[in-house]
Amino acid sequence: METPLHFDSRGPIGILTLNRPERLNAIDHAMLRALRAFFDARHRDYGTRVIIITGAGRGFCAGLDLKAGPEQGPWQPGVGPVQDSLAFQEDIADLMVKMRDCPQALIAAVNGPATGGGLSIALASDMRIGTANARFACSYLNLGLGGADVGSSYFLPKIVGMAHAADMLYSGRIVEAQEALEMGLITRIVEPDDLIPAALAIADGIVRRASPLGLRLTKQVLNETVNGISLQTALKLENRNQILASQTQDAREARQAWFEKRDPAWRDA
């Protein structure tokens with residue numbers, strides 16, 4: 001049986017592939033367990049600094065697999081169906097927290113439909129690029145549910161603005177790649193064969209220019225400012241980060257490399 005995830009480690013850059021192509025990489029119990037375990041394991045993964053997230057086949061992630069049958073068993077054994085459903089809902093939502101809390105920069109390389117929870121995986125990434133085949137939707141209202149789920153009401157307005165977010169959440173309509181580019185949901189459209197190379201080029205630029213500690217500290221402070229803190233608190237976090245990073249061997253190496261007009265040799269030391 002194929003594993004629901006595939007992780008290809010290329011030194012400081014990893015490629016995480018959602019691997020249920022026959023279901024457009026929709027999330028079943030096995031995939032959710034694998035995703036939660038994967039991001040938990042990244043907290044002490046100092047070797048990986050940037051992770052590219054993509055989907056196998058023609059889809060990125062079609063959200064929750066609504067056709068997954070009872071053969072999966074309960075998500076939370078030993079409780080009633082309402083409690084079981086609530087535990088699953090909480091744990092798929094908590095995946096977005098795990099993604100934001102992991103110290104690596106996350107690049108979503110959207111190769112096809114990213115809908116429902118799949119859209120939220122893309123939104124919880126730090127940046128998004130796509131092909132012309134990329135499509136985005138959060139169609140919960142069309143299923144008789146609330147229009148926002150799995151972090152979409154939190155991420156979407158911050159990324160595309162209130163009006164675009166309301167349009168997507170209220171209508172549940174499909175947003176094609178060009179419109180997604182225009183509203184800032186993705187930052188570029190590339191040819192399908194160029195998607196992973198383009199994401200790798202972005203990742204390589206990050207790992208060459210950013211010290212490992214500096215990158216982790218930057219994601220931390222960005223998370224806090226996006227969550228909503230005062231200017232004074234943001235400045236305190238930035239001040240702390242600058243002093244911490246400036247005392248490392250990597251900071252001394254970066255200054256020397258700048259004088260010598262070369263890329264730094266990072267050691268995370």
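These values consider heavy atoms only, across backbone and side chains, with no hydrogens, waters or symmetry-generated copies.
The backbone N or O of Leu213 sits nowhere less than 3.5 Å from a side-chain atom of Arg49 that would complete a donor-acceptor pair. Side-chain N or O atoms of Thr3 include one that pairs as donor or acceptor with a backbone N or O of Leu5 at under 3.5 Å.
For the pair Leu18 and Thr54, the minimum side-chain heavy-atom distance is 4.5 Å or more.
If you take CG on Leu66 and CZ on Arg23, they are separated by 8.5 Å, rounding to the nearest 0.5 Å. Note that CD of Glu179 is 8.0 Å distant from CE of Met168, once rounded to the nearest 0.5 Å. Between the CZ atom of Arg128 and the CD1 atom of Ile107 there is a distance of 11.0 Å, given to the nearest 0.5 Å. Between atom CD1 of residue Ile52 and atom CE of residue Met127 there is a gap of 10.0 Å, rounded to the nearest 0.5 Å. Annotation: the span from Leu237 atom CG to Thr225 atom OG1 amounts to 8.5 Å, rounded to 0.5 Å.
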What do the steps show when you test Asp28 against Lys67 for salt bridge (charged side-chain N to carboxylate O under 4.0 Å, His left out), and what is the final call? CA-CA 9 Å; Asp28 64 356; Lys67 293 185 178 180; over 6 Å; no

Under the salt bridge (charged side-chain N to carboxylate O under 4.0 Å, His left out) rule, what do Asp8 and Arg10 come out as? Steps first, then yes or no, please. CA-CA 6 Å; Asp8 177 18; Arg10 305 187 182 188; 2.8 Å; yes

Verdict with reasoning, Gln220 to Asn241, per side-chain hydrogen bond (donor to acceptor under 3.5 Å, both in side chains): CA-CA 10 Å; Gln220 284 180 4; Asn241 290 352; 5.5 Å; no

Could you walk me through whether Lys98 and Asp101 pass salt bridge (charged side-chain N to carboxylate O under 4.0 Å, His left out), step by step? CA-CA 5 Å; Lys98 293 180 184 295; Asp101 283 349; over 6 Å; no

Verdict with supporting geometry, Arg20 and Asn25, side-chain hydrogen bond (donor to acceptor under 3.5 Å, both in side chains): CA-CA 4 Å; Arg20 298 187 71 223; Asn25 304 309; over 6 Å; no

Show the numbers, then the answer: is there a salt bridge (charged side-chain N to carboxylate O under 4.0 Å, His left out) between Arg36 and Asp94? CA-CA 8 Å; Arg36 287 172 58 82; Asp94 184 57; 3.1 Å; yes

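Ring geometry, Phe88 versus His29: the interplanar angle falls from 30° to 60°, so the pair is classed tilted.
Applying the side-chain contact (heavy atoms from CB on, under 4.5 Å) criterion to Arg58, with sequence neighbours excluded, gives Leu24. When the side-chain contact (heavy atoms from CB on, under 4.5 Å) test is applied to Ala166, the partners found at least two apart in sequence or on another chain are Tyr170.
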May I have the list of side-chain donor-acceptor pairs in residues 134-148 shorter than 3.5 Å, sequence neighbours left out?
| from | atom 1 | to | atom 2 | distance (Å) |
| --- | --- | --- | --- | --- |
| Ser139 | OG | Gly172 | O | 2.7 |
| Tyr140 | OH | Gly116 | O | 3.4 |
| Tyr140 | OH | Gly117 | N | 3.3 |

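Side-chain contact annotation: Gln249 with Glu253, donor-acceptor N/O pair under 3.5 Å absent.
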